[in-house]
Amino acid sequence: MTKTDPSPFKVPLSSPDITDLERNAVLEVLHTPNLSMGPHYLAFEQAIAEYVGARHAISVSSGTTGLHLCVRAADIQPGELVLTTPFSFMASTNAILYEKAIPVFVDVEPQTGNIDPVQFVQAAADLMAGGKAAEKWLPRKGAEQHGPLRALLPVDVFGQPAEMNVIMETARAHDLVVIEDSCEAIGAEYHGQPAGMLGDMGIFAFYPNKQITTAEGGMIVTNNDRYAEIMRALRNQGRAPGDTWLQHSYLGYNYRMDELSAVLGAAQMTRLDELLEKRARVAGWYEERLSDLPQLETPQIAPSTTRMSWFVYVVRVALGIDRDALIHELAAEGIPARPYFAPIHLQLYLIDMFGYQPGDYPVTEDLGNRGIALPFSSVMTEDQVELVCEVLGKLLLK
Ligand SMILES: *Cc1c(COP(=O)(O)O)cnc(C)c1O
């Protein structure tokens with residue numbers, strides 16, 4: 001903690017991992033006139049493309065804007081349906097709503113918090129069949145005039161890939177586009193394959209609490225040339241290849257990543273494997289100290305996750321323990337902690353739009369009610385983990 005830090009906490013909830021390598025790289029860019037659209041965004045894109053083996057990597061201003069571009073590239077129209085998960089950060093659903101398409105939720109499985117593959121296959125089949133079969137998956141209101149099912153938007157929750165084999169088979173069977181939200185999963189592997197590359201398009205995000213950071217930023221990866229071309233145009237005010245500065249072939253956006261962010265990201269990429277190892281070690285320290293407590297469930301890793309990319313460390317309190325009171329007591333002892341995630345379908349504007357009610361997605365709600373994200377980052381020391389676990393253990397035994 002620095003002298004100016006006003007935080008009442010003894011440990012930060014999350015922290016970027018920045019060294020002189022990153023500081024010097026950013027400073028060097030500040031000595032040049034190219035603060036946007038220079039060489040660094042291209043270098044960062046190339047580093048990510050090489051890391052995951054993608055034909056295209058497209059840097060953007062955030063994970064959220066990356067998700068939005070994927071929805072635009074898939075050409076999803078107002079009223080069309082996108083199958084997704086209510087157990088995620090809001091942005092995965094918002095990207096669908098920006099285009100006035102309709103997110104249709106499938107509940108998650110309790111171990112990983114990833115979309116439940118059995119329900120998922122059924123939902124896709126029923127929505128394709130239409131009529132009565134489709135109705136049970138649709139929201140109570142707001143979908144009276146819906147179009148066809150067009151896309152699947154699974155999320156790799158907490159750094160662990162969703163059951164993407166099942167999801168891809170479903171997509172191929174019904175000719176659907178798959179957008180993989182890997183904003184929490186850079187470096188993770190599913191049956192040996194890199195997260196982000198398991199669907200038609202994947203998105204990584206670099207907010208300061210993510211595994212690597214660019215302050216604000218994101219990256220889309222895809223092997224699809226057509227999607228890549230349209231997304232490169234849309235992020236740059238709709239300028240297609242060959243357009244001049246004031247020629248705009250499409251309704252586009254300014255979703256570009258600046259050069260300071262890009263050079264920071266490129267420097268972080270050279271350290272990604274080191275950072276993931278450090279995060280795994282911190283998760284191991286927690287696991288050692290918490291896995292025997294009967295009042296807590298520690299994170300579970302699916303056999304399909306051949307490499308975990310630890311994003312957060314979320315434990316669940318046993319039934320009957322007051323999660324919110326525990327978070328307050330932790331804060332009073334100088335330990336920050338947070339509920340994680342809040343179910344998307346119960347955000348007020350989704351209730352307004354679609355009439356969702358508590359109980360609609362019971363596993364998501366249960367995980368949302370019992371989950372606590374503990375302080376976690378690659379710079380955390382074993383002593384800090386020890387402190388968090390000591391306080392937590394003491395409060396749970398009261
Ligand atoms: C972080 C995150 C995003 C995007 O976040 P930005 O803050 O826009 O970069 C999207 N989806 C999930 C699941 C995330 O965790």
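When a ligand or atom number is given, it counts from 1 through the structure's own listing order. The figures here come from the full heavy-atom set of this structure, side chains too, leaving out hydrogens, waters and symmetry mates.
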Heavy atom of the protein closest to atom 2 (C) of ligand 1 (residue, atom name, distance): Lys210 NZ, 2.5 Å
So, the side chain of Arg279 versus the backbone of Val312: is there a donor-acceptor pair under 3.5 Å, distance only? no
Any donor and acceptor pair, going by atom type alone, linking the side chain of Glu386 with main-chain N or O of Arg289 inside 3.5 Å? no
Taking the basic N atoms (NZ, or NE/NH1/NH2) and the acidic carboxylate oxygens, is any pair closer than 4.0 Å for Glu135 and Lys132? yes
For atom 15 (O) of ligand 1, grab the closest protein heavy atom and report residue, atom and distance to one decimal in Å. Glu184 OE2, 2.6 Å
Parallel, tilted or perpendicular for Tyr340 and Phe311, by the 30°/60° rule? tilted
Distance-only N or O hit between ligand 1 and Ala205, under 3.5 Å: no
Examine Thr64 against ligand 1 and note whether any of their N/O atoms are separated by less than 3.5 Å. yes
Look at the aromatic rings of Phe376 and Tyr286 and report parallel, tilted or perpendicular, splitting at 30° and 60°. tilted
Does Ser88 come within less than 4.0 angstrom of ligand 1, counting non-hydrogen atoms of the residue? yes
Ligand 1 and Tyr340, any nitrogen or oxygen pair closer than 3.5 angstrom? no
Side chain, backbone, both or neither: the part of Glu216 lying under 4.0 Å from ligand 1 by heavy atom: neither
Have a look at ligand 1 and work out which part of Val155, if any, has a heavy atom under 4.0 Å from it: side chain, backbone, both or neither. side chain
Answer with side chain, backbone, both or neither: which part of Cys183 has a heavy atom less than 4.0 angstrom from an atom of ligand 1? side chain
Any heavy atom of Asp181 under 4.0 Å from ligand 1? The part involved is side chain
Could you tell me whether some N/O pair between Tyr207 and ligand 1 is separated by less than 3.5 angstrom? no
Are the ring centres of Tyr227 and His56 closer than 6.0 Å? no
Specify whether Tyr255 and Tyr253 have parallel, tilted or perpendicular ring planes, treating 30° as the upper limit for parallel and 60° as the lower limit for perpendicular. parallel
Atom 9 (O) of ligand 1: closest protein heavy atom, distance to 0.1 Å, is Gly63 N, 2.8 Å
Contact summary for Asp156 and Ser182, nearest pair of heavy atoms: OD2-OG, 2.7 Å
